[in-house]
**Student:** 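This is the structure I have questions about; it appears just below.
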Amino acid sequence: MPNVTFLYGFNKADGTSQILAGWAGNIHRFNSSTSLWIGLSQITSVTAVARMRTFLNSGFWVNGTNNNKRWDGTVWTDEIARKKAPLSKYIHIDPSGSQLFLANLSYQGQTFESRVWKSDLPKNNDITYGLEYGANLSQTASSPTVTSSTAFFRLRNIKVGDPFIILSGSNAGEYKVSTIDSETQITLTQNLNVTATGSTFWVGGNWFDVVTNNNDVVTGLGDNSSQVLIFKNESLHTYNGNSSRRIKGVPGTHSQESVVNIKEYTYYFHRTGIWRTNGVTAELISRPIQDYIDGIASSYFASTVAEKVGEIYRIFVGNVTNSSENIDLDNVILDFDTITETWSPGMLPVKVTATTSFLDANTETNYVGTDANTVYQDNIGTSDAGTAIPWMMDTGWHFPGGGEIETEITRIQIHNKAGRGIPVQYKLYGTPFDIDKQWKGLDDLSDEITEIDLRNRRDKDNIARGVALLLQDSSTISTPMIERIDIFWKPITARSI
């Protein structure tokens, strides 16, 4: 069945809101009165992922394949036919809310995968892009004047000093604009060599290139603090309004849809794991769940999708298979609690392909789209479309003595709410030289503070340098909460590692 390739919560200044979704080559609007989706007769790619941002009380839509569009809540308009916007894959609003940023571009038959284009500042509640192009340029030998009978150089806000690129004919090359004489005529800063007609051209200067491609193209946009973030597959760059700067030693992302802001950080996915940046530096935060990261299929990297749920960064990573760690799970979600800095893996009965959040009656709500052209409200109720919610918490390795001390783990206390009956499993690290690959059973949670005593239990090994715990359940009742885990231990000996 078709994927939901686009999902967006559109809020207008008058307080009205809409949910828009794309599947099966059309854009749909949800009618809350009838609980039905209404097709909006917009022919779009069945497979290309689309993005939308709200600017000037309208939704600006791009997917890199079909012409950019603008939605005012009632009518769609073609942003390329009407405004000569560059075709773009990615779209963002700068942190000040004053400009539209477009990236990974195509126009006049050329593709610029590492180029970012800025709109002009709004005027009369509208924008121009400072771009014009065509295929009917007339030039005269020994004259700097060029004309195009179909151009709108002034209307498009072409500026003195903009680069003017002639793509075909004997005068092909890069020139500079000296004056904009009329809608159809420009004077360049130098004379042309040959009289010619019917040449293809483009003119405009609202752009900057983020280094060069080097097989590393723009894969997303974001912002942090007062800077625009520009993601490539293997690098991350910032733009401060004047110039771009690479954050040294930091990868970018394979998926625009994994980029989410929570408080002072921007979180995103890379093949090495989950990263977060404050716009100055970045750090890898997913080491405790590296076994799950290693199990994500490389073919799914670009399809990872994330959302903000309260203070949680939630990312949907598809199926996870890591045979060496005995992990084989479908439709996995990884939750990072940004308050406690802890990870909780989980699963869903559906594969999520798109997410959105928006204000509905002044309440932030989350929605997800799936690979079965369905849309669900997320983070509500106690089941997933009637299916019991699988819940799982993998603590990752903890080393009570710091990693070099061989310890006897005597007791484990688990503070929880609504966790009664959940089985607890464990693995040991360094016993003294082996690492457990299989989870081993302990006991079930029985009280709000459940204590598991490992002393004098011949069936339970408890000598190691590190320990990991796994709690998992599937239920249609309230989701359990693990508030705290205390590990009691005593040292046995120190080893050099």
**Student:** Nearest 0.5 Å please: distance from the CG atom of Asn416 over to the CD atom of Glu483.
**Tutor:** 7.5 Å
**Student:** Can you confirm whether more than 12 heavy atoms, excluding those of Asn215, are under 6.0 Å from its CG atom?
**Tutor:** no
**Student:** Looking at Asp126 and Lys83, is there a salt bridge between them, counting it only when a charged N and a carboxylate O are closer than 4.0 Å?
**Tutor:** yes
**Student:** Write down the atom of Ser114, the atom of Asp216, and the distance for their closest heavy-atom approach.
**Tutor:** OG-O, 3.6 Å
**Student:** Is it true that the NZ or CZ of Lys176 lies under 6.0 Å from the centre of Phe164's six-membered ring and within 45 degrees of the ring axis?
**Tutor:** no
**Student:** Indicate whether the side chain of Asp294 and that of Asn322 have a donor and an acceptor atom separated by less than 3.5 Å.
**Tutor:** no
**Student:** So that I can tick it off, tell me whether Glu404 and Arg465 are bridged by a salt bridge, with the cut-off set at under 4.0 angstrom between side-chain N and carboxylate O.
**Tutor:** no
**Student:** Do you see a donor-acceptor pair shorter than 3.5 Å between the side chains of Arg115 and Tyr107?
**Tutor:** yes
**Student:** Should Val116 and Leu102 count as side-chain neighbours, where that means a heavy-atom distance under 4.5 Å?
**Tutor:** no
**Student:** So do Trp37 and Trp23 actually touch side chain to side chain, heavy atoms under 4.5 Å?
**Tutor:** yes
**Student:** Answer yes when Lys159 and Glu132 have at least one side-chain N-carboxylate O distance shorter than 4.0 Å, and no when they do not.
**Tutor:** no
**Student:** Assess, by modelled atom type and distance only, whether the side chains of Thr238 and Asn240 contain a donor and an acceptor separated by less than 3.5 Å.
**Tutor:** no
**Student:** Can you confirm whether more than 12 heavy atoms, excluding those of Lys417, are under 6.0 Å from its NZ atom?
**Tutor:** no
**Student:** Please evaluate residues Asp72 and Lys12 with respect to the criterion salt bridge (Lys or Arg N to Asp or Glu O under 4.0 Å), reporting the C-alpha separation (whole Å), side-chain torsions for both, the decisive distance (0.1 Å), and the verdict.
**Tutor:** CA-CA 9 Å; Asp72 66 2; Lys12 289 181 67 71; over 6 Å; no
**Student:** Just by distance, no angles: are the side chains of Thr65 and Asn63 close enough, under 3.5 Å, to form a donor-acceptor pair?
**Tutor:** no
**Student:** Centres of the Tyr429 and Phe399 rings: under 6.0 Å?
**Tutor:** yes
**Student:** Starting from the C-alpha separation in whole Å, work towards a yes-or-no answer on salt bridge (Lys or Arg N to Asp or Glu O under 4.0 Å) for Arg70 and Glu79.
**Tutor:** CA-CA 6 Å; Arg70 189 189 301 201; Glu79 199 70 359; 2.7 Å; yes
**Student:** Ignoring hydrogens and angles, state whether a donor on the side chain of Thr74 or Trp71 is under 3.5 Å from an acceptor on the partner side chain.
**Tutor:** no
**Student:** Under 3.5 Å, is there a donor on one side chain and an acceptor on the other for Trp202 and Gln110?
**Tutor:** yes
**Student:** I'd like to know if the side chain of Arg154 reaches the main chain of Ile180, judged simply by a donor and an acceptor atom lying under 3.5 Å from each other, with no hydrogens or angles considered.
**Tutor:** yes
**Student:** A side-chain contact here means heavy atoms from C-beta on lying under 4.5 Å apart; do Asn157 and Tyr129 qualify?
**Tutor:** no
**Student:** Distance alone, cut at 3.5 Å: any donor-acceptor contact between the side chains of Ser96 and Asp94?
**Tutor:** yes
**Student:** Indicate the atoms forming the closest heavy-atom contact of Asn68 with Ala85, along with that distance.
**Tutor:** ND2-CB, 4.0 Å
**Student:** What is the distance from atom CZ of Phe60 to atom CD1 of Ile91, rounded to the nearest 0.5 Å?
**Tutor:** 7.0 Å
**Student:** Any luck finding a side-chain donor-acceptor pair between Asp394 and Tyr292 under 3.5 Å?
**Tutor:** yes
**Student:** Regarding Thr304 and Ser258, do their side chains bring together a donor and an acceptor under 3.5 Å, going by distance alone?
**Tutor:** no
**Student:** Report, as yes or no, whether the 6.0 Å neighbourhood of atom NZ on Lys89 holds more than 12 heavy atoms from other residues, nucleotides or ligands.
**Tutor:** no
**Student:** Are any non-hydrogen side-chain atoms of Ile422 and Pro480 less than 4.5 angstrom apart?
**Tutor:** yes
**Student:** Using the side-chain hydrogen bond (donor to acceptor under 3.5 Å, both in side chains) definition, which of the options Asp223, Thr277, Asn224 pairs with Thr266?
**Tutor:** Asn224
**Student:** Is the ring centre of Phe112 less than 6.0 Å from the ring centre of Trp117?
**Tutor:** no
**Student:** Between Tyr239 and Phe208, is the ring centroid distance below 6.0 Å?
**Tutor:** yes
**Student:** Using a strict 4.0 Å threshold on nitrogen-to-oxygen distance, state whether Glu183 and Arg156 make a salt bridge.
**Tutor:** no
**Student:** Surrounding CZ of Arg245 (heavy atoms of other residues, nucleotides or ligands, distance under 6.0 Å), is the total greater than 12?
**Tutor:** yes
**Student:** Answer yes if the ring centres of Phe269 and Phe301 are under 6.0 angstrom apart, and no otherwise.
**Tutor:** yes
**Student:** Does a sphere of radius 6.0 Å around CD in Glu448 hold more than 12 heavy atoms from other residues, nucleotides or ligands, not counting ones at 6.0 Å or beyond?
**Tutor:** no
**Student:** As an exercise, state the distance from CD of Glu325 to CG of Asp328, rounded to the nearest 0.5 Å.
**Tutor:** 13.5 Å
**Student:** Kindly compute the distance separating CD1 (Ile165) from OG1 (Thr200), expressed to the nearest 0.5 Å.
**Tutor:** 11.0 Å
**Student:** For a side-chain contact (heavy atoms from CB on, under 4.5 Å) with Leu7, tell me which candidate from Leu20, Thr353, Val352, Ile19 qualifies.
**Tutor:** Ile19
**Student:** Would Arg276 and Glu341 count as a salt bridge (Lys or Arg N to Asp or Glu O under 4.0 Å) if you check the C-alpha gap in whole Å, the side-chain angles of each, and the deciding distance to 0.1 Å?
**Tutor:** CA-CA 12 Å; Arg276 68 180 178 189; Glu341 304 251 312; 2.9 Å; yes
**Student:** Please determine whether the number of non-hydrogen atoms from other residues, nucleotides or ligands lying under 6.0 Å from atom CD1 of Ile43 exceeds 12.
**Tutor:** no
**Student:** Taking the side chain as C-beta and beyond, is there a heavy-atom pair between Pro86 and Leu131 under 4.5 Å?
**Tutor:** yes
**Student:** Compare all side-chain heavy atoms of Thr338 with those of Glu311 and state whether any distance is below 4.5 angstrom.
**Tutor:** yes
**Student:** Looking only at non-hydrogen atoms, find the nearest pair between Asn319 and Asp330 and report the distance.
**Tutor:** OD1-CA, 3.2 Å
**Student:** Measure the shortest side-chain to side-chain distance between Phe6 and Met52 over non-hydrogen atoms and say whether it is less than 4.5 angstrom.
**Tutor:** yes
**Student:** When the aromatic ring centroids of Phe231 and Tyr268 are compared, is their separation below 6.0 Å?
**Tutor:** yes
**Student:** Quick one: OG1 on Thr128 to NZ on Lys123, what's the gap to the nearest 0.5 Å?
**Tutor:** 9.0 Å
**Student:** Would you mind telling me which of Trp343, Tyr265, Tyr313 makes a ring pair (Phe, Tyr, Trp, His ring centres under 6.0 Å) with Phe336?
**Tutor:** Trp343
**Student:** How long is the gap from OG1 on Thr47 to CG on Asn3, to the nearest 0.5 Å?
**Tutor:** 9.5 Å
**Student:** Would you check if there is a donor-acceptor pair between the side chains of Asn66 and Ser45 at a distance under 3.5 Å?
**Tutor:** no
**Student:** Do His415 and Asp486 have a side chain donor and acceptor closer than 3.5 Å?
**Tutor:** yes
**Student:** Please state whether the rings of Trp76 and Trp61 are parallel, tilted or perpendicular, taking 30° and 60° as the class boundaries.
**Tutor:** perpendicular
**Student:** Do Lys69 and Arg82 have side-chain heavy atoms sitting under 4.5 Å apart?
**Tutor:** no
